[in-house]
Amino acid sequence: SELAPLYHKRWDIETFYRDFKCTLRATSWHCKTPETFQRELLMHMIVCCIIRIAMVGACRQVKLSVGQLSFGRALTETRLFLKLLVTVTDANLWVSIWTTHIGCCAKHRVKYKPDRRFTRDCQEYRRKARGLEKRRRGRPCKYIEPSPKSQPETHKNLKGQVFLLS
């Protein structure tokens with residue numbers, strides 16, 4: 001009972017790494033020097049923090065947990081927010097733009113089913129691993145039939161006698 005809350009805190013860290021690496025595509029870098037790498041990493045972290053702050057605000061608005069909102073959709077909304085923010089010169093509009101951004105982030109939810117357990121079908125895993133699942137039309141068969149055993153190598157001499165070479 002004491003480990004469960006610690007595990008859930010650790011799981012938040014794992015989902016952050018997944019969002020950072022996969023959704024933000026922070027696995028390939030465009031920099032060539034350590035200074036530019038530091039700048040690029042800093043920009044990724046700033047965007048990630050803006051998204052998380054918006055998601056927390058959205059969660060408070062609709063009374064959900066952060067895990068129930070889509071990070072990928074919030075990234076799309078944040079890109080639109082940043083483009084709009086650059087064009088606005090009036091500081092009074094920034095608050096309304098931020099409020100609208102939070103509302104847009106609150107709309108995008110993920111399928112969240114707490115305490116859901118999946119049955120493990122070992123035979124299904126085996127079929128998938130061997131490529132034997134039902135294939136779609138137009139696609140080549142994933143399972144390749146083994147070639148028939150080749151005949152042993154033989155040699156016929158001048159007298160007609162057959163010699164097995166292998």
Side-chain angles (χ1 to χ4, degrees), residues 1-32 34-139 142-143:
S1 65
E2 294 175 10
L3 292 177
L6 293 174
Y7 174 77
H8 287 291
K9 287 180 182 179
R10 176 69 184 155
W11 188 249
D12 288 337
I13 294 169
E14 294 298 326
T15 56
F16 167 77
Y17 283 137
R18 183 198 62 214
D19 292 337
F20 186 74
K21 287 163 64 176
C22 298
T23 310
L24 284 175
R25 296 185 188 139
T27 54
S28 60
W29 304 92
H30 303 93
C31 52
K32 299 199 185 269
E35 292 81 21
T36 56
F37 173 74
Q38 185 177 10
R39 288 181 196 154
E40 193 172 348
L41 180 63
L42 184 63
M43 289 309 298
H44 277 291
M45 294 304 288
I46 289 171
V47 169
C48 193
C49 289
I50 290 172
I51 293 169
R52 287 295 183 183
I53 290 169
M55 287 176 71
V56 167
C59 289
R60 289 181 182 155
Q61 189 178 25
V62 293
K63 296 181 177 41
L64 293 171
S65 69
V66 179
Q68 291 176 287
L69 295 180
S70 171
F71 184 86
R73 295 293 180 118
L75 171 63
T76 305
E77 294 293 339
T78 302
R79 286 179 178 154
L80 296 172
F81 164 74
L82 291 174
K83 284 181 183 178
L84 185 62
L85 191 64
V86 170
T87 60
V88 172
T89 56
D90 187 16
N92 296 329
L93 291 176
W94 289 358
V95 176
S96 64
I97 292 172
W98 178 253
T99 307
T100 307
H101 172 59
I102 288 175
C104 290
C105 289
K107 293 177 188 175
H108 305 292
R109 298 195 177 115
V110 293
K111 293 179 183 176
Y112 178 74
K113 297 178 182 176
D115 298 330
R116 183 172 182 179
R117 290 178 176 78
F118 297 97
T119 58
R120 184 171 182 201
D121 184 4
C122 295
Q123 295 301 320
E124 181 182 348
Y125 291 136
R126 287 186 185 125
R127 275 193 309 273
K128 284 183 181 179
R130 293 178 183 152
L132 298 175
E133 72 270 4
K134 186 177 178 182
R135 63 186 182 98
R136 298 180 186 148
R137 287 187 175 183
R139 292 188 174 213
K142 290 182 182 177
Y143 179 73

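Here the straight-line distance linking atom CD1 of Ile51 with atom CD1 of Ile46 works out to 12.0 Å at 0.5 Å rounding. Between the CG atom in Leu42 and the SG atom in Cys49 there is a gap of 9.5 Å [rounded to 0.5 Å]. Summarising the geometry, atom CD1 belonging to Ile102 is positioned 12.0 Å from atom CD belonging to Glu77; distances are rounded to the nearest 0.5 Å. Considering SG of Cys105 and CZ of Arg52, their distance stands at 11.5 Å, rounded to 0.5 Å. A distance of 5.0 Å separates OG of Ser96 from CG of Leu93, quoted to the nearest 0.5 Å. Rounding to the nearest 0.5 angstrom, the gap separating the NZ atom in Lys21 from the NE2 atom in His44 is 13.5 Å.
Shown here for Met55 and Ala74, the closest heavy-atom pair between the two residues is CG-CB, 3.9 Å. Closest of all the heavy-atom pairs between Trp98 and Ala54 is CH2-CB, 3.8 Å. Residues Val62 and Ala106 approach most closely at CG1-CB, 3.8 Å, considering heavy atoms.
Inter-residue side-chain proximity for Leu84 and His101 is flagged as unmet; no heavy-atom pair is nearer than 4.5 Å. Cys48 is not listed as a side-chain neighbour of Asp19, based on a closest heavy-atom distance of 4.5 Å or more. Considering only heavy atoms from C-beta on, Phe71 comes within 4.5 Å of Leu24 through its side chain. A heavy-atom distance below 4.5 Å is found between the side chains of Leu41 and Trp29.
In Gln38, the CD atom is not crowded: 12 or fewer heavy atoms of neighbouring residues, nucleotides or ligands sit closer than 6.0 Å. Sparse packing is recorded around CZ of Arg73, with 12 or fewer heavy atoms of other residues, nucleotides or ligands lying under 6.0 Å away.
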